[in-house]
**Q** 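Can you read through this structure? Questions will come right after.
Worth saying up front: this structure is predicted, and the values here are computed from it rather than measured.
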Amino acid sequence: MARAGLTTERVTIASAELADEVGLDQVTMAQVARRLGVKDASLYAHVRNLEDLRGRIALLAADEKTIRIAEATAGRAGKDALIAFANAWREYAHRHPGRYTATQTPIQVDPELAAKAPGPRRAVELTYSMLRGYGLAEPDLTDAVRLLRSTFHGFVALEAAGGFAHERSPEQSWARALDALHTLLEHWPPSREGDST
C-alpha cells in the first residue's frame, strides 16, 4: 500500500539520498520504491522513468550546490571568492557523492523542468561573476570557466577514487592548486583569437 503524501519531491529526495549511499548508477526504480515502502508502479504517478528520475536528481543537486556556493561567496571577491567557491564545490562533492555525480553526468532532463530550475542558470551566473572580478571578458571568461570546472571536478573525482596515495595530504595540494589558479587568473594570458595554432 502506498504511503500517504507520496509526491514527486519526496521521490526525488529519497532517490538523491539513495544515490549518495550507493552511487547514481546503482539507483533503480525498484530500490527507490523499497526505500519509500511503496510498489514500483506507484512511482510512475510521479516520475516517467529512471532517466526522468535521474534528471530530477541532477536539478535538485544543481540547486543545492549553487545555494551553498552562493552562501560561501557572498560578499567576497578575488582570491577569497575563488577559495570559498572551490571549497563549497568540493565539500558538496564529499557530502553528496551521488548527487554530485548527477551534476557532472550527461542526463536527458525534461526541457520544461530545466527551464524552471534556477540552479544551473545561477551556477553559471555565479561563476562568471566571480571571474569578472579578475577582469576577464569573453572569450577568456568561457575558457576560465572550463579551466576551473576541469580542475575542481578532476581533483574531487580523483580524490573520491582514492587517487591521491602520496604521503602529502590532498588538503595541502588543494590549497596550492587554488593558489596557482588565483595567480593564473590574475595573469591570464592575452587571447589569441584567430591564431590557427
**Q** Given 3.5 Å as the limit, does a donor-acceptor pair link the side chain of Asp52 with the main chain of Val47, or not?
**A**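 No; judged by distance alone, with no hydrogens or angles, the pair does not exist.
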
**Q** Are Phe85 and Ile67 connected in a single hydrophobic cluster, I mean Ile/Leu/Val/Met/Phe/Trp/Tyr linked by side-chain heavy atoms less than 4.5 Å apart?
**A**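 No, it is not one cluster - the side chains of Ile67 and Phe85 are not joined through contacts under 4.5 Å.
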
**Q** Shortest non-hydrogen contact from Ala114 to Val109?
**A**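 Here Ala114 and Val109 meet closest at CB-CG1, 3.9 Å.
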
**Q** Which pairs count as ring pair (Phe, Tyr, Trp, His ring centres under 6.0 Å) when at least one residue sits in residues 41-68, sequence neighbours excluded?
**A**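 Matches after skipping sequence neighbours: none remain.
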
**Q** So, Gln172 versus Ser169: side-chain donor-acceptor pair below 3.5 Å or not?
**A**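 Gln172 vs Ser169: donor-acceptor pair found between side chains.
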
**Q** For Phe155, give me all partners under ring-ring contact (aromatic ring centres under 6.0 Å, His included), at least two apart in sequence or on another chain.
**A**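 Phe155: ring-ring contact (aromatic ring centres under 6.0 Å, His included) contacts with Phe164, Trp174.
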
**Q** Indicate, with yes or no, if Val27 and Tyr100 share a hydrophobic cluster defined by side-chain heavy-atom contacts under 4.5 Å among Ile, Leu, Val, Met, Phe, Trp and Tyr.
**A**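 Tyr100 and Val27: separate clusters.
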
**Q** Quick one: list whatever passes salt bridge (Lys or Arg N to Asp or Glu O under 4.0 Å) with Glu51, sequence neighbours left out.
**A**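 Checked Glu51 against salt bridge (Lys or Arg N to Asp or Glu O under 4.0 Å); zero matches.
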
**Q** Please give me the minimum heavy-atom distance between Ala72 and Ala84, naming the atom from each residue.
**A**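 Closest approach of Ala72 to Ala84: O-CB, 3.3 Å.
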
**Q** Before accepting this row, confirm whether a basic side-chain N of the pair Glu21/Arg35 lies closer than 4.0 Å to the acidic partner's carboxylate O.
**A**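 A salt bridge is present here (some side-chain N lies under 4.0 Å from a carboxylate O).
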
**Q** If you measure from the Lys or Arg side-chain nitrogens to the Asp or Glu carboxylate oxygens, is any gap between Asp110 and Arg48 under 4.0 Å?
**A**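 Looking at Asp110 and Arg48, the cut-off is met.
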
**Q** Is the closest side-chain heavy-atom distance between Trp89 and Thr103 below 4.5 Å?
**A**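 In short, these two side chains do not touch, never coming nearer than 4.5 Å.
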
**Q** Verify, without hydrogens or angle tests, whether Thr66 (side chain) and Asp63 (backbone) share a donor-acceptor contact under 3.5 angstrom.
**A**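 No; zero donor-acceptor contacts below 3.5 Å.
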
**Q** Using a 4.5 Å cut-off on heavy atoms from C-beta on, say whether the side chain of Leu147 contacts that of Leu184.
**A**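 Yes, close enough: below the 4.5 Å cut-off.
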
**Q** Can you pull the salt bridge (charged side-chain N to carboxylate O under 4.0 Å, His left out) pairs that have at least one residue in residues 148-167, sequence neighbours excluded?
**A**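 Matches after skipping sequence neighbours: Arg90-Glu159.
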
**Q** Not counting sequence neighbours, which residues clear side-chain hydrogen bond (donor to acceptor under 3.5 Å, both in side chains) with Glu64? List them please.
**A**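 side-chain hydrogen bond (donor to acceptor under 3.5 Å, both in side chains) list for Glu64, sorted by chain: Tyr92, Arg99.
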
**Q** Within the structure provided, determine whether Arg56 and Ser15 are in side-chain contact (heavy-atom separation under 4.5 Å).
**A**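 With C-beta onward as the side chain, the pair stays apart.
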
**Q** ring-ring contact (aromatic ring centres under 6.0 Å, His included) with His94: which residues, sequence neighbours excluded?
**A**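 None.
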
**Q** Going by side-chain hydrogen bond (donor to acceptor under 3.5 Å, both in side chains), name the residues that satisfy it together with Arg54, two or more places apart in sequence or in a different chain.
**A**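 Testing Arg54 for side-chain hydrogen bond (donor to acceptor under 3.5 Å, both in side chains), a comparison that skips the adjacent residues, returns none.
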
**Q** Could you grab the distance from atom CD of Glu17 to atom OG1 of Thr12, nearest 0.5 Å is fine?
**A**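 Here the interatomic distance stands at 11.0 Å.
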
**Q** If I compare all heavy atoms of Pro97 with all of Asp20, which pair ends up nearest, and what's the gap?
**A**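 For Pro97 versus Asp20, the nearest heavy atoms are N-OD1, 3.4 Å.
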
**Q** Hey, could you give me each pair passing side-chain hydrogen bond (donor to acceptor under 3.5 Å, both in side chains) that has a residue in residues 112-129? Not counting sequence neighbours.
**A**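 Applying side-chain hydrogen bond (donor to acceptor under 3.5 Å, both in side chains) to every pair that reaches into residues 112-129, excluding sequence neighbours, yields Tyr128-Thr142.
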
**Q** May I ask you to test the Leu36-Leu43 pair for a side-chain heavy-atom distance under 4.5 Å?
**A**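 With C-beta onward as the side chain, the pair touches.
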
**Q** Who else is in the cluster with Leu60 when I, L, V, M, F, W and Y are joined by side-chain contacts under 4.5 Å?
**A**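 Listed partners: Ile13.
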
**Q** So, Gln26 side chain and Gly23 main chain: donor-acceptor pair closer than 3.5 Å or not?
**A**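 Not a single qualifying donor-acceptor pair exists.
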
**Q** Checking Arg76 now: which residues fulfil side-chain hydrogen bond (donor to acceptor under 3.5 Å, both in side chains) with it, not counting sequence neighbours?
**A**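 With neighbours one apart ignored, the set is empty.
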
**Q** Could you pull out the closest heavy-atom pair between Gly98 and Leu24, with the gap in Å?
**A**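 Scanning both residues, the minimum pair turns out to be O-CB, 3.9 Å.
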
**Q** Among residues at least two apart in sequence or on other chains, which ones pass side-chain hydrogen bond (donor to acceptor under 3.5 Å, both in side chains) with Thr7?
**A**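 By the side-chain hydrogen bond (donor to acceptor under 3.5 Å, both in side chains) rule, Thr7 matches no residue at all.
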
**Q** Given side chains that start at C-beta, do those of Asp143 and Leu148 come closer than 4.5 Å, heavy atoms only?
**A**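 Asp143 does not reach Leu148 side chain to side chain.
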
**Q** Can you tell me which residue pairs pass the salt bridge (charged side-chain N to carboxylate O under 4.0 Å, His left out) test with a partner in residues 176-186, sequence neighbours excluded?
**A**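 The answer is Lys79-Asp179, Arg176-Asp179.
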
**Q** Would you name the heavy atoms of Ile107 and Ala102 that are closest together and state the gap between them?
**A**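 Result for this residue pair: CD1-O, 3.8 Å.
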
**Q** For the CZ atom on Arg168, are there more than 12 heavy atoms of other groups (residues, nucleotides or ligands in this structure) within a distance under 6.0 Å?
**A**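 Atom CZ in Arg168 is crowded, with more than 12 foreign heavy atoms closer than 6.0 Å.
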
**Q** Under the side-chain contact (heavy atoms from CB on, under 4.5 Å) rule, what do Asn87 and Leu178 come out as? Steps first, then yes or no, please.
**A** CA-CA 10 Å; Asn87 286 340; Leu178 298 184; 4.0 Å; yes

**Q** Give the minimum heavy-atom separation between Leu131 and Ala144, together with the two atoms involved.
**A**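 That closest heavy-atom pairing would be CD1-CB, 3.8 Å.
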
**Q** Any heavy-atom pair between the side chains of Arg34 and Gln31 that's under 4.5 Å?
**A**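 Gln31 reaches Arg34 side chain to side chain.
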
**Q** Can you check side-chain contact (heavy atoms from CB on, under 4.5 Å) on Leu141 and Arg132, steps first, answer last?
**A** CA-CA 8 Å; Leu141 270 172; Arg132 282 190 197 97; 4.0 Å; yes

**Q** Check whether the side chains of Tyr134 and His187 place a donor and an acceptor atom closer than 3.5 Å, and report yes or no.
**A**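 Not at all, the side chains of Tyr134 and His187 share no donor-acceptor pair under 3.5 Å.
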
**Q** About how many Å separate CG of Asp80 and NE2 of His182, when rounded to the nearest 0.5 Å?
**A**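 Reported value, rounded in 0.5 Å steps: 9.0 Å.
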
